Student: 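One structure is given below, represented as structure tokens, and several questions about it will come after.
A, B, ... follow the sequence lines: proteins, then strands. Residue 1 opens every chain. Values in this document were obtained by computation on a predicted structure and should not be read as measured data.
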Protein chains: 2
Amino acid sequence: MKRIADSTVRRLSVYLRFLEGSSQRGLTTVSSAELARHGGTTSAQVRKDLSFFGSFGKRGLGYSVPELTNSIRDILGLGREWNVVIVGAGKIGTALAQYDGFRPRGFHVVAVYDTDSGKVGTRWDGIVVRDFSQVARDLASQPIDIAVLAVPAEGAQDAVRRLVDAGVKAILNFAPVQLKVPPDVAVRSVNMAMELEGLSYELSSRAR
Amino acid sequence: MKRIADSTVRRLSVYLRFLEGSSQRGLTTVSSAELARHGGTTSAQVRKDLSFFGSFGKRGLGYSVPELTNSIRDILGLGREWNVVIVGAGKIGTALAQYDGFRPRGFHVVAVYDTDSGKVGTRWDGIVVRDFSQVARDLASQPIDIAVLAVPAEGAQDAVRRLVDAGVKAILNFAPVQLKVPPDVAVRSVNMAMELEGLSYELSSRAR
DNA sequence: ACATGTGAACTGCTTCACAGCG
DNA sequence: CGCTGTGAAGCAGTTCACATGT
């Protein structure tokens with residue numbers, strides 16, 4: 001199958017959010033123009049994005065909210081539960097472990113890991129902090145789909161090596177480093193300092 | 001001046017990080033090939049990125065580490081301090097307030113805001129939690145460059161309206177909504193649920 | 001000899017515009 | 001008639017390849 005652009009997948013997430021809101025407000029159909037307005041794009045872009053995966057609309061009418069919702073859920077692989085572990089029980093790690101935007105979308109945080117023996121064994125919101133050195137053993141019994149990396153920059157690449165060795169195939173990286181992974185492992189990075197630098201650049205370049 | 005692509009600015013951040021590391025390891029020059037290897041790109045891309053802003057290298061030699069470091073810092077607007085406020089003293093907000101990757105890069109967190117009167121007045125790491133309803137008054141006396149938005153989705157657009165009214169020109173958004181802002185306000189969004197959905201998509205599409 | 005800087009070619013995402021169908 | 005679905009055109013970002021300077 002043809003490779004889908006990252007930007008397209010991101011927009012599908014945005015459309016899905018709007019559809020869920022529309023459903024709650026009792027709407028039964030939406031047009032590509034409405035989806036576009038709320039997604040910050042154009043109606044042609046919306047239709048093109050969807051066309052990669054099929055024909056979901058009715059000409060002259062628009063899209064059925066529940067049908068399109070289900071289709072996008074399917075496309076994004078949200079028709080199942082994903083097991084997630086968080087690596088690093090520091091400030092960001094614990095904030096993420098307690099964040100409740102994950103569960104309603106099928107991302108189930110099953111464990112938090114840390115190397116600090118002082119933290120191991122404690123519980124956050126019912127989730128145990130486990131010893132990271134045991135991660136390979138744990139994953140052998142309970143399969144993990146996604147690892148969220150919330151460790152300091154220094155330890156990040158090493159943690160990734162161990163996760164990849166243990167069979168993890170997807171990583172969401174919060175450490176401010178460019179991770180190196182085998183081609184069969186998917187990585188997304190969120191780098192807050194880098195985002196602030198982007199804003200700094202914009203503010204500066206506008207002043208010129 | 002010509003509009004610079006977002007992707008270029010992001011890569012400059014990556015180069016800068018590598019340069020700072022190189023400096024610490026005592027290197028005095030780097031080639032575009034080295035920068036490329038660590039930034040996950042190609043040497044031609046590195047040279048093209050830099051060429052938008054000037055000629056920083058020496059043919060046959062490469063780039064002087066301290067000179068290029070300073071040049072990129074300048075380009076990104078990091079030659080000064082930026083005042084940052086965090087809006088929302090929940091889990092993510094407090095984690096961000098205490099995150100110490102900001103200060104070394106010139107981003108100074110001067111206040112945390114919340115609407116919950118129970119939180120107002122408390123201190124986190126020496127930073128006071130202030131009443132968000134006073135934000136306009138506060139900004140009149142102390143100028144703010146960047147607001148980091150860490151509030152629930154419901155309140156995000158309203159918080160943005162008040163920040164924009166108070167004169168804020170740059171927002172880093174952690175709320176899972178598509179913000180609407182005037183064209184002179186810069187926004188970057190970090191949406192963790194959306195990143196997980198991207199990974200979910202990749203895992204699913206590979207399985208097919 | 002070596003590595004930069006840059007026009008030119010290329011690739012791929014976005015926008016246009018209209019045929020097709022309810 | 002309205003809105004989708006989609007080839008074709010347009011545009012932007014990346015890669016190529018080489019002239020240029022040290």
Student: Dump every N/O contact between nucleotides 15-17 of chain D and the protein below 3.5 Å, one line per pair.
Tutor:
{"from": "D/dA17", "atom 1": "N6", "to": "B/Arg47", "atom 2": "NH2", "distance (Å)": "3.4"}

Student: Do A/Asp49 and A/Gln45 have a side chain donor and acceptor closer than 3.5 Å?
Tutor: yes

Student: With the threshold set at under 4.0 Å for non-hydrogen atoms, list the residues of residues 57-67 of chain A touching DNA chain D in residue-number order.
Tutor: A/Gly57, A/Lys58, A/Arg59, A/Gly60, A/Leu61, A/Gly62, A/Tyr63

Student: Scan residues 12-32 of chain A against DNA chain D and write down, sorted by residue number, each residue with any heavy atom closer than 4.0 Å; if none is found, say none.
Tutor: A/Ser31, A/Ser32

Student: In whole angstrom, what separates A/Leu68's CG from D/dT4's P?
Tutor: 11 Å

Student: Output yes when a side-chain donor or acceptor of B/Asp114 lies under 3.5 Å from a complementary backbone atom of B/Gly88, and no otherwise.
Tutor: no

Student: Check every strand shown and say whether A/Arg11 touches a base, only sugar-phosphate, or nothing at a heavy-atom separation below 4.0 Å.
Tutor: sugar-phosphate

Student: Output the rounded distance in Å from CG (B/Asp49) to C1' (D/dT14).
Tutor: 10 Å

Student: How would you list, by chain and number, every residue that makes a side-chain contact (heavy atoms from CB on, under 4.5 Å) with B/Arg10, sequence neighbours excluded?
Tutor: A/Glu195, B/Asp6, B/Arg188

Student: Looking across every strand, which nucleic acid part, if any, lies under 4.0 Å from B/Ser7 by heavy atom: base, sugar-phosphate, or nothing?
Tutor: sugar-phosphate

Student: Using 0.5 Å steps for rounding, measure from the CZ atom of B/Phe107 to the OH atom of B/Tyr99.
Tutor: 11.5 Å

Student: Do B/Asn173 and B/Val190 have side-chain heavy atoms sitting under 4.5 Å apart?
Tutor: no

Student: Do B/Asn191 and B/Ser189 pair up side chain to side chain, a donor and an acceptor below 3.5 Å, judged on atom types alone?
Tutor: no

Student: Whole Å only: how far is the CZ atom of A/Phe53 from the C1' atom of D/dT6?
Tutor: 16 Å

Student: Can you give the first and last nucleotides of DNA chain C, 5' to 3', that have an atom under 4.0 Å from a heavy atom of chain B?
Tutor: C/dC2 to C/dA8

Student: Is any side-chain N of the basic residue among B/Asp145 and B/Arg80 closer than 4.0 Å to the acidic one's carboxylate O?
Tutor: yes

Student: Report yes if the side chains of B/Met194 and A/Val14 come closer than 4.5 Å at any heavy-atom pair, otherwise no.
Tutor: yes

Student: Does A/Ser51 put a side-chain nitrogen or oxygen below 4.0 Å from OP1 or OP2 of D/dT4?
Tutor: no

Student: Side chains of A/Val84 and A/Val110: does their closest heavy-atom pair fall under 4.5 Å?
Tutor: no

Student: Do you know which two heavy atoms are closest between A/Gly101 and B/Ala193, and how far apart they sit?
Tutor: O-CB, 4.4 Å

Student: So that I can tick it off, tell me whether A/Arg161 and A/Asp158 are bridged by a salt bridge, with the cut-off set at under 4.0 angstrom between side-chain N and carboxylate O.
Tutor: yes

Student: Report yes or no: do A/Trp82 and B/Ser200 form a side-chain donor-acceptor pair below 3.5 Å?
Tutor: yes

Student: Provide the full list of ring-ring contact (aromatic ring centres under 6.0 Å, His included) pairs with a residue in residues 176-208 of chain B, sequence neighbours left out, each pair given once.
Tutor: none

